[in-house]
Amino acid sequence: MAELRTIYILGATALLTSSACGDPVEAPRVELPVIVDSSGVVPVTTDLGYSVEVTEARVAISDLVFTVAGEADVASLWRRLSDALVPRAWAHPGHFSGGEVTGELRGDFLVDWGTGNNPELGRATLIAGTYTAANFIFDRGSSGSLDASDVLVGRTAVFSGTAQKDGQTFNFTIVVESPEGRVLIGVPFEASVGEAAAGTLRLRLETQDPFESDTLFDGLDFASLDGDGDGQVRVEPGSAEVEDAYNAFRREFQTHDYYTVRHEE
């Protein structure tokens with residue numbers, strides 16, 4: 001993660017563009033607040049017929065970056081600069097797939113999509129351009145910012161809510177621990193950001209894939225997971241009884257299908 005943070009837009013934009021006569025020209029930049037948008041966390045009906053409503057959705061992430069199409073002139077220059085700053089061997093293959101990084105909001109964040117308050121994470125700096133995607137790292141909750149007893153300490157995410165089917169209600173908690181440094185690449189972010197751009201960038205969790213009918217909870221049979229029949233379901237790493245369900249949920253949670261970034265002016 002430390003290597004990733006050596007890419008700094010603020011100190012590099014003068015190197016990213018050139019005029020027709022060859023003189024260096026500073027690339028236009030804009031700062032936009034990044035907002036946690038909870039509007040995508042909606043009740044869903046899963047493939048197994050469960051009506052699921054989420055009441056808690058907290059995720060630890062870091063280093064949110066924004067990418068433009070790879071063929072853009074500025075992107076090509078940014079690639080050369082970023083290659084100099086961060087060797088290609090830094091990340092897994094695909095670190096630059098989906099475009100070139102020309103915008104960023106660096107730092108560690110605890111994103112709470114369950115409150116509906118839409119808090120601001122910070123102000124992102126972007127080079128003016130046409131954006132296609134966003135990336136971020138799945139992180140771990142820290143005892144420095146959370147109560148020591150919080151289940152999210154040392155974990156990536158916690159989801160709670162209810163699942164209903166055939167007159168039965170199950171209260172569930174799902175805890176996720178992503179591999180350290182796991183990068184999510186290709187979050188949809190289609191926006192043309194000019195140097196006079198205003199408004200906000202809204203980071204959304206989608207409980208239902210906005211492009212298909214899949215839901216984040218597909219494949220989870222809550223009745224089967226309620227081993228003692230008390231209506232309480234807990235899915236977390238290290239529990240052999242729910243290992244298949246945990247792996248299925250983590251796989252879906254770590255795909256870009258359930259996240260979007262939108263520019264709203």
Side-chain angles (χ1 to χ4, degrees), residues 1-5 34-38 40-41 44 52 54-65 90-92 94-95 104-115 117 119 121-122 133-161 163 171-189 203-209 214-220 225 233-261:
M1 187 181 303
E3 289 90 346
L4 176 61
R5 291 176 179 168
V34 177
I35 302 297
V36 177
D37 187 339
S38 301
V41 180
V44 296
V52 175
V54 174
T55 56
E56 178 184 18
R58 293 186 295 147
V59 183
I61 70 170
S62 62
D63 292 339
L64 178 63
V65 300
W90 165 80
H92 59 79
H95 172 56
E104 65 177 10
L105 175 61
R106 301 290 176 180
D108 302 325
F109 307 101
L110 178 58
V111 185
D112 189 344
W113 276 293
T115 64
N117 294 331
L121 291 182
N135 312 329
F136 61 77
I137 299 173
F138 287 111
D139 210 337
R140 306 281 180 89
S142 169
S143 58
S145 57
L146 296 169
D147 187 276
S149 63
D150 196 310
V151 68
L152 199 56
V153 174
R155 304 289 180 82
T156 301
V158 57
F159 291 84
S160 299
N171 298 301
F172 67 83
T173 297
I174 304 174
V175 181
V176 179
E177 187 175 305
S178 294
E180 189 172 356
R182 175 64 178 255
V183 182
L184 180 64
I185 294 176
V187 174
F189 172 45
L203 176 62
R204 291 164 53 103
L205 170 71
E206 312 280 356
T207 48
Q208 185 158 22
D209 182 344
D214 302 340
T215 83
L216 184 60
F217 302 93
D218 280 2
L220 297 185
L225 294 170
V233 171
R234 188 174 184 88
V235 177
E236 61 185 337
S239 176
E241 293 82 359
V242 297
E243 183 178 6
D244 289 344
Y246 171 75
N247 289 335
F249 183 84
R250 187 177 71 164
R251 182 170 56 251
E252 292 301 303
F253 163 76
Q254 291 177 162
T255 65
H256 64 250
D257 296 351
Y258 300 102
Y259 304 88
T260 57
V261 176

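None of these values were measured; they are calculated from a predicted model. In this chain, residues are counted from 1 in sequence order.
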Taking all non-hydrogen atoms of both residues, which atom of Gly141 and which atom of Ala60 are closest, and how far apart? N-CB, 3.7 Å
Less than 4.5 Å apart, any side-chain heavy atom of Val44 and any of Leu216? no
For the student: nearest non-hydrogen atoms of Gly154 and Glu177, plus distance: O-OE1, 3.9 Å
When rounded to the nearest 0.5 angstrom, what distance separates CG in Asp37 from CD in Glu206? 8.0 Å
Are Trp113 and Val36 packed together at the side-chain level, in the sense that at least one heavy-atom pair is separated by less than 4.5 angstrom? yes
For residues Ile61 and Leu203, determine if any side-chain heavy atom of one lies less than 4.5 Å from a side-chain heavy atom of the other. yes
Are Val175 and Tyr246 close enough that some pair of their side-chain heavy atoms sits under 4.5 Å apart? no
With a 4.5 Å heavy-atom cut-off, do Thr207 and Val52 have their side chains touching? no
Ring center gap for Phe109 and Phe136 short of 6.0 angstrom: no
Pairwise distance CD1(Ile35) to CG(Asn117) - rounded to 0.5 angstrom: 11.5 Å
Please examine the side chains of Tyr259 and Leu184, heavy atoms only from C-beta on, and report whether any two atoms are closer than 4.5 Å. yes
Please check if the side chain of Arg58 supplies one atom and the backbone of Gly114 the other of a donor-acceptor pair under 3.5 Å. no
Should the pair Phe159 and Phe217 be assigned to parallel (<30°), tilted (30 to 60°) or perpendicular (>60°) ring geometry? perpendicular
Student check: side-chain heavy atoms of Val65 and Arg106 closer than 4.5 Å: yes
Specify the closest pair of heavy atoms between Val59 and Ala157, including all atoms of both residues, with the distance to one decimal. CG2-CB, 3.9 Å
Spacing of CG belonging to Leu152 relative to CG belonging to Leu146, to within rounding of 0.5 Å: 5.5 Å
Under 4.5 Å between any side-chain heavy atoms of Thr173 and Val151, yes or no? no
Pairwise distance OG1(Thr215) to CG(Asp257) - rounded to 0.5 angstrom: 11.5 Å
Thr156 side chain to Arg140 backbone, donor-acceptor under 3.5 Å: no
Heavy-atom closest contact (Phe253 atom, Ser178 atom, distance): CE2-OG, 3.8 Å
Before giving the answer on side-chain contact (heavy atoms from CB on, under 4.5 Å), spell out for Asp209 and Tyr258 the whole-Å C-alpha distance, their side-chain angles and the decisive distance to 0.1 Å. CA-CA 5 Å; Asp209 182 344; Tyr258 300 102; 4.0 Å; yes
Taken to the nearest 0.5 Å, the spacing of His256 NE2 from Asn135 CG works out to 10.5 Å
Spacing of CD belonging to Glu56 relative to CG belonging to Asp112, to within rounding of 0.5 Å: 7.5 Å
Where Ala57 and Leu205 come nearest, the two heavy atoms and their spacing: CB-CD2, 4.1 Å
Which atoms form the tightest heavy-atom contact between Ala134 and Leu64, and what is the distance? CB-CD1, 4.3 Å
